[in-house]
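Computation of the quantities below employed the complete heavy-atom set of this structure, encompassing side-chain atoms and omitting hydrogens, waters and symmetry-equivalent molecules. Worth saying up front: this structure is predicted, and the values here are computed from it rather than measured. Whatever order the structure lists ligands and atoms in, that order sets their numbers, starting from 1.
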Amino acid sequence: MSLGNAKRTANKEKRRDLREQLTPENEVLKDRKLIRKEVNSRLVSGTQTMTLEYDAIFNSEKASLNKDSEVLSLLFHRMFFYRLNEKLSGLTCDHTFRLSNQILTQMQLSRGKINEIVEIFKKNDGNCDCEIIFNVESQLIGH
Ligand SMILES: [Zn+2]
């Protein structure tokens, strides 16, 4: 999925959110193997087939306040921040974009798109991998 499809995806997300409000317990994945499979599918191809527990921490109202909400929300739903958290756990951040670049490359984004996204991170006080979690993901989640 390209970033150009973000709007269409956002609409799809909105419809999905509505559906979930109607049936809140709607089949959230619990099985670790299936979770892994869903995460990889979203990362690599942007295909979302199941609901993850992680989806519930997304705060669309809060996210929409950000000027770059379209790109950042897409990254959230494609599990970029989730995977970055995973990769960072147990490591000390070397204060580069090393892990972020690895993930964005795995997401099959072009070099141009990756540079564009890194600029958006910087604009939002995400000047390295750990700051992306502390300062950027935090603008999309919780209350
Ligand atoms: Zn850092």
Peer 1: I'd like to know whether Ser100 forms a side-chain contact (heavy atoms from CB on, under 4.5 Å) with Val118, so could you lay out the CA-CA distance, the side-chain angles of the two residues, the decisive distance to 0.1 Å, and finally the verdict.
Peer 2: CA-CA 9 Å; Ser100 296; Val118 168; 5.9 Å; no
Peer 1: Using a cut-off of 2.8 Å, how many protein N, O or S atoms sit around the Zn ion (ligand 1)?
Peer 2: 4
Peer 1: Who pairs with Phe81 by ring pair (Phe, Tyr, Trp, His ring centres under 6.0 Å), at least two apart in sequence or on another chain?
Peer 2: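 Counting only residues at least two positions away or on another chain, Phe81 forms no ring pair (Phe, Tyr, Trp, His ring centres under 6.0 Å).
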Peer 1: Could you go step by step and tell me if Asp129 and Leu91 meet the side-chain contact (heavy atoms from CB on, under 4.5 Å) rule?
Peer 2: CA-CA 11 Å; Asp129 294 327; Leu91 288 181; over 6 Å; no
Peer 1: According to salt bridge (charged side-chain N to carboxylate O under 4.0 Å, His left out), who are the partners of Lys123, at least two apart in sequence or on a separate chain?
Peer 2: Asp68
Peer 1: Using the salt bridge (charged side-chain N to carboxylate O under 4.0 Å, His left out) criterion, which residues pair with Glu137? Sequence neighbours excluded.
Peer 2: none
Peer 1: Does the Ser73 side chain pair with the main chain of Glu70, one donor and one acceptor, at a distance under 3.5 Å?
Peer 2: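 Such a contact is absent between Ser73 side chain and Glu70 backbone.
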